[in-house]
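Numbers for residues simply follow the sequence, beginning at 1.
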Amino acid sequence: MAIPAKYPLLEQIDSPAALRSLPENRLPQLAGELRSYLIETVKRSGGHLAANLGTVELTIALHYVFNTPEDRLVWDVGHQSYTHKILTGRRNAMPEIRTRLGPSGFPNRAESEYDAFGVGHSSTSISAALGMAIALANEGRPDHAIAVIGDGALSGGQAFEALNHAGDLGVNLLVILNDNEMSISRNVGALSNYLARLLSGRLYSSVREGSKKVLDNLPPVREFARRAEEHMKGMIVPGTLFEELGFNYIGPVDGHDLSSLVKTLKNVKALSGPQLLHATTCKGKGYEPAENNPCAWHGVSRLKSEQAPSASARSDGPTYTRVFGEWICDMAARDERVIGITPAMKEGSGLVSFAERFPERFFDVGIAEQHSLTLAAGMACEGLKPVVAIYSTFLQRAYDQLIHDIALQNLPVLFAIDRGGLVGPDGPTHAGSFDLSFLRCIPNMTIMAPADENECRQMLYTGYLHEGPVAVRYPRGHGPGISVNPEMTALPHGKARLLRKGSRIALLAFGSMLSPAMQAADEIGATLANMRYIKPLDEALVLDLARGHELIVTIEENAIMGGAGSAVNEFLAARDEPVSILNLGLPDRFEGHDSRENLISGCGLDPAGIVNAISERLKVQDCHRQPTRVIS
């Protein structure tokens with residue numbers, strides 16, 4: 001798709017080399033065109049808007065000053081990299097971003113040589129860029145490795161581990177702190193910009209390094225000078241922490257002032273060793289609705305108006321996220337021990353109302369998944385009832401804490417696991433494809449997966465009452481549209497529901513797969529069970545179905561290996577039951593970015609795919625039953 005003619009400067013830029021051929025005074029015009037193009041394309045395609053609007057000038061300046069891709073540019077999380085994609089040869093593909101035929105919504109090494117590191121999760125950029133900087137130094141190359149990390153991502157422990165390591169090494173690592181005022185207080189203005197240029201300049205650096213050499217023989221004076229420098233900078237800029245970690249702190253600089261950015265980055269490029277540039281930006285810059293409400297405009301669906309994205313329910317019922325949000329508020333009103341914990345996903349996990357109604361019982365710990373779980377463990381030790389609301393893909397980051405701090409001690413922590421299974425356009429970095437597998441092997445864990453909205457509410461209540469760790473895992477978006485009973489009733493522990501009796505074939509559906517399995521069962525006349533529990537498995541029902549059918553089919557929206565189907569296999573194999581088993585689930589590959597519906601169909605988990613897989617298996621079984629003819 002060709003870029004519209006209303007972007008005369010942007011249409012000339014198909015690589016960073018073309019960008020660097022522009023005179024510097026043309027860069028503000030390019031920024032304006034880029035911002036307009038972002039708004040136009042993202043509103044059409046959906047995706048991350050506010051974060052990308054906030055990094056337009058910063059991205060231009062980085063590619064203008066540094067020699068990418070030889071200089072490595074790593075984006076933390078990567079949801080702010082759309083301008084980067086536009087400037088690196090993917091401009092005309094942007095209207096199809098996050099679709100099967102378009103670019104990923106995050107940097108992807110397989111997509112472009114300019115995507116130095118594949119990302120999607122937070123707080124990884126400094127570690128990755130440091131690894132690259134070490135490798136470049138070992139090769140004797142003068143190229144830089146640059147990590148762009150937001151102030152929110154800096155709350156992740158891995159970021160501080162990397163900073164601590166980098167400060168001791170002296171390699172050419174530049175960390176850019178993109179401070180969009182979401183968590184670090186701002187300190188901007190003409191004086192700040194002047195100081196940023198001053199602190200990054202050759203004169204200051206030469207005097208600083210020269211003074212160190214002169215004063216090396218006078219330790220008390222050198223220490224006094226060091227402290228005086230720190231106090232002077234600390235009075236004006238919040239850089240003392242980074243200086244203590246071994247970084248030369250520069251900033252803050254206005255992240256939307258291209259002239260200051262370019263000058264400062266040119267100065268920084270000439271320095272050696274670990275540098276940290278603090279740039280202040282405005283999330284949603286240049287688009288008033290996003291500036292006024294950056295959270296609502298963080299990630300958007302296709303839009304047809306200027307209205308902010310809404311989480312309101314469709315006519316077929318609330319989302320699973322909303323079901324959880326309403327349940328935890330109702331539960332907290334009943335029981336003052338309820339605590340809500342989330343690692344920086346208050347809006348996404350449905351805890352906004354809870355935070356407003358019960359602020360003293362709500363804890364957003366920032367991007368610190370490990371801490372969130374051990375915090376919950378400590379609370380559970382003291383008799384509280386913590387509920388950890390977390391995306392499946394982010395729970396992976398706290399696996400040790402899940403095992404060591406919670407399951408090992410059999411503590412009553414309830415996990416409300418959102419985005420279980422395939423998530424659609426966000427792609428493989430955000431898919432919750434593995435949780436049933438990695439949870440099922442942990443002793444003391446109870447694992448449930450609701451098939452509809454009402455079952456989700458009742459499972460949350462059931463898990464809350466259990467004296468031990470419980471995971472309730474549900475998919476993104478809406479369920480089949482079942483009315484939610486405001487009452488709460490505990491489900492029988494470890495028991496499934498037999499929904500349909502058929503012959504020859506028994507379908508065992510787990511969670512979100514009940515709806516397509518029901519359609520498939522009706523078509524082929526199969527028995528159908530809503531399994532509800534992954535652990536403990538309803539062994540009595542499984543055994544009964546195995547003995548009454550020739551084919552057992554397990555269906556789950558999780559990796560086949562180690563998942564719910566594997567639990568059935570292990571149970572029946574241990575009893576040497578002579579029944580054929582077909583496991584349907586997510587294949588052994590990372591699924592790309594596309595609509596959730598297309599991904600489900602591509603994995604053979606829609607009704608047609610289920611019926612087709614069963615038909616193919618039956619053909620093979622029937623073929624094996626035919627008598628063998630000996631041809632003489």
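Side-chain polar atoms of T393 and H121 form a donor-acceptor pair below 3.5 angstrom. Side-chain contact check for S392 and D418: no donor-acceptor pair (N or O, by modelled atom type) lies under 3.5 Å. Between the side chains of D405 and T374, at least one donor N or O lies within less than 3.5 Å of an accepting N or O. Side-chain contact annotation: Q275 with N248, donor-acceptor N/O pair under 3.5 Å present. For the residue pair R20/Y64, the side-chain donor-acceptor check at 3.5 Å is not satisfied. Checked by atom type, the side-chain pair H63/T68 shows a donor-acceptor distance below 3.5 Å. A side-chain donor-acceptor contact under 3.5 Å links S259 and K263.
Checking each of R596, R419, R98 against D426 for a side chain to side chain donor-acceptor pair (under 3.5 Å) leaves exactly one that passes, namely R98.
Salt-bridge annotation for R589 and E591: present, with a side-chain N of the basic residue lying under 4.0 Å from a carboxylate O of the acidic one. Using a 4.0 Å cut-off between charged side-chain N and carboxylate O, K285 and E57 make no salt bridge. Salt bridge status for D435 with R473: present, with a side-chain N to carboxylate O gap under 4.0 Å.
Heavy atoms of other residues, nucleotides or ligands lying less than 6.0 angstrom from CZ of R100 number 12 at most. The environment of D588 atom CG is sparse: at most 12 non-hydrogen atoms of other residues, nucleotides or ligands sit within 6.0 angstrom.
Aromatic ring pairs are classed by plane angle as parallel below 30°, tilted from 30° to 60° and perpendicular above 60°; the pair Y249 and F242 is parallel.
Between F106 and H48, the distance separating the two ring centers is shorter than 6.0 angstrom.
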Considering only distance and modelled atom types, tabulate donor-acceptor pairs under 3.5 Å from the side chains of residues 71-79, sequence neighbours left out.
unit_1, atom_1, unit_2, atom_2, d
D71, OD1, H144, N, 2.7
D71, OD2, N67, N, 2.8
R72, NH1, P69, O, 2.8
R72, NH1, E70, O, 3.0
D76, OD1, S123, N, 2.6
D76, OD2, S123, N, 3.3
D76, OD2, T124, N, 3.1
D76, OD2, S125, N, 2.9
D76, OD2, S125, OG, 2.6

